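The shown structure was predicted, so the numbers you read here are calculated from the model rather than taken from an experiment. Chain letters run A, B, ... following the sequence lines, proteins first and then strands; every chain starts at 1.
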Amino acid sequence: MHDIRYIRENPEAFDAALARRGLAPVSAELLALDAARRAKIAAAEAALAERNAASKAVGAAKAKGDEAEFARLRDLVSAKKEEIARLEEEAKAEDSRLADALARLPNLPLADAPDGADENDNVEVHRWSAPRDYAFAPKEHYEIGEAMGCMDFAAAAKLSGARFVVLSGALARLHRALAQFMIDHHIETNGLTETWTPVLVKDEAFYGTGQLPKFAEDSYRTENGWWLIPTAEVTLTNLAAGEILDGASLPRRYVAHTQCFRSEAGSAGKDTRGMLRQHQFEKVEMVSLTRPEEGEAELERMRRCAEGVLEALEIPYRTVVLCTGDMGFGARKTYDLEVWLPGQNAYREISSCSLCGDFQARRMNARFRPEPEAKPEFLHTLNGSGLAVGRALIAVIETYQEADGGVAIPAPLRPRMGGARRIGPGGALES
RNA sequence: GGAGAGGUGGCCGAGUGGUCGAAGGCGCACGCCUGGAAAGUGUGUAGGCGGGAAACCGUCUCGAGGGUUCGAAUCCCUCUCUCUCCGCCA
């Protein structure tokens, strides 16, 4: 949600920023809506002021016993009634027309987000470790997993259809070990606050983080109206909805491990094989709530938190800054972490860390009081994956695959794998 | 699923038709008191929107939306959320 006052004062800058996302200028239209709205509000309020004054006098006349004056004023107030109802309704209609228009516009990119049309224009800013050389032709994760007998897409299809998986044995355990490792890493090394949240939420929560009103078709909804979260960003960020947080409690840094649900509408034919793009997956999500001036530094910190997981697991990756054409709806700047998948011979996204500024906070009315006595201000919100668990499993399988079809277990995961150092080609844990 | 009770400011809590944005308390801010603090004490302390350079003015908000009334935190209806008890249950 944008601040109409900012647009009023900076219409050119606003249009220029949206143009970087490939959108046509809208400020003139918004300002016209705003002018109409303000005129209606002024008219309605003037009528209300008149009525209130008369209404007040009614009480006085009644108290004095001046029946004639009482009757006159009472009739005056009655006469105004219809006019006021009409003006108020018009004002409300104008107000929601503007609010709807604003709610459908994406956030403005930060100055240092690179311009561009699509993922080809993203800019690599960091690369960690080199893809290693394999003395054999590396396989894709699903080839390895299926051969092990620990990854079953046919069974999942029987239960649920396409884009689901059944994990078993060593890979089910490795998947769980990854999630546990990540969340422990974030609370122990990065000081994030572990949080457990619902995965079913109300419309308001979806509106607050920007899934509604535009992206309803990307998510699942229960018959009684709950939405299944596509990411814990929804629940963690909405924790602040409607609140006025104590400025001294900022920044707040949350981490949660949840199931995530996505319809993947619009990705037909993309990544149809394997676990890369599923309707249901697990993710460890980080969310930070900060003061406005802290947001950009927090984005760097969050990115480092995510990168730290990959470094601990010794998985080669690179970090890119998304260009304006590839950024999400609510983001002002986004870093994507991409792991090297030798089986695919490509870098693939495993984390996305975004600074949203006050965009979400405005939508959900999430504020903080900078100092005691001071006026509340909107929080700035950030979210980032730390990391997508299913994709991390893919990365481990492909990175640590061995010639015989076995997979070595990265050192930090071994304690959670019963001390095993390797999963054999038949799916057995080996020490 | 059944029955009942409730949603008031940053928090707690009074308030059943008229000057109530709303007593009191807590918290917080500033001052007094104190060697310093605590205690005590005084004053102040909601937010949104519109207008205005500002002071300030107007307007709305007592869960949400409708209704009754000249006038609603207060009466009526609908919805929603929370809590308690019962049932069921991981």
It should be established whether Lys40(A) places a side-chain nitrogen or oxygen under 4.0 Å from OP1 or OP2 of nucleotide U59(B).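 Answer is no, no contact under 4.0 Å.
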Whole angstroms only, please: what is the [atom1]-[atom2] distance between [X] and [N]?
{"X": "Glu50(A)", "N": "U59(B)", "atom1": "CD", "atom2": "P", "answer": "11 Å"}
{"X": "Met1(A)", "N": "G48(B)", "atom1": "CE", "atom2": "P", "answer": "15 Å"}
{"X": "Ile41(A)", "N": "G58(B)", "atom1": "CD1", "atom2": "C1'", "answer": "12 Å"}
{"X": "Asp246(A)", "N": "U45(B)", "atom1": "CG", "atom2": "P", "answer": "21 Å"}
{"X": "Glu204(A)", "N": "U80(B)", "atom1": "CD", "atom2": "C1'", "answer": "9 Å"}
{"X": "Glu89(A)", "N": "C60(B)", "atom1": "CD", "atom2": "P", "answer": "17 Å"}
{"X": "Asp34(A)", "N": "C49(B)", "atom1": "CG", "atom2": "P", "answer": "12 Å"}

Are the aromatic rings of Phe359(A) and Phe329(A) close, with centres under 6.0 Å apart?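 Distance test on ring centres: under 6.0 Å, yes.
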Exercise. Does the separation of the ring centres of His279(A) and Phe164(A) fall below 6.0 angstrom?
Worked result: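 Centroid separation for His279(A) and Phe164(A): below 6.0 Å.
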Will you find, in the side chains of [X] and [Y], an N or O donor that is under 3.5 Å from an N or O acceptor?
{"X": "Arg348(A)", "Y": "Gln344(A)", "result": "yes"}
{"X": "Tyr335(A)", "Y": "Glu307(A)", "result": "no"}
{"X": "Glu298(A)", "Y": "Thr290(A)", "result": "no"}

Residue Arg367(A), side-chain atoms from C-beta onward, closest of G58(B), G47(B), C49(B):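 Between G58(B), G47(B), C49(B), the one nearest the side chain of Arg367(A) would be G47(B).
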Name the closest nucleotide to the Arg37(A) side chain, picking from G47(B), C60(B), G50(B).
->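 Taking heavy atoms from C-beta onward, the closest nucleotide is G50(B).
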**Prompt:** Hey, does the side chain of Ser267(A) reach the backbone of Glu264(A) with a donor-acceptor pair shorter than 3.5 angstrom?
**Reply:**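 Confirmed, Ser267(A) side chain pairs with Glu264(A) backbone.
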Dot-bracket for RNA chain B, 5' to 3', Watson-Crick and G-U pairs with both distances under 3.5 Å, [ ] for crossing pairs, | for partner on another strand, reads ((((((((.[[[..)..(.....]]]((((((.......))))))((((((....)))))).[[[[[..)....]]]]])))))))....
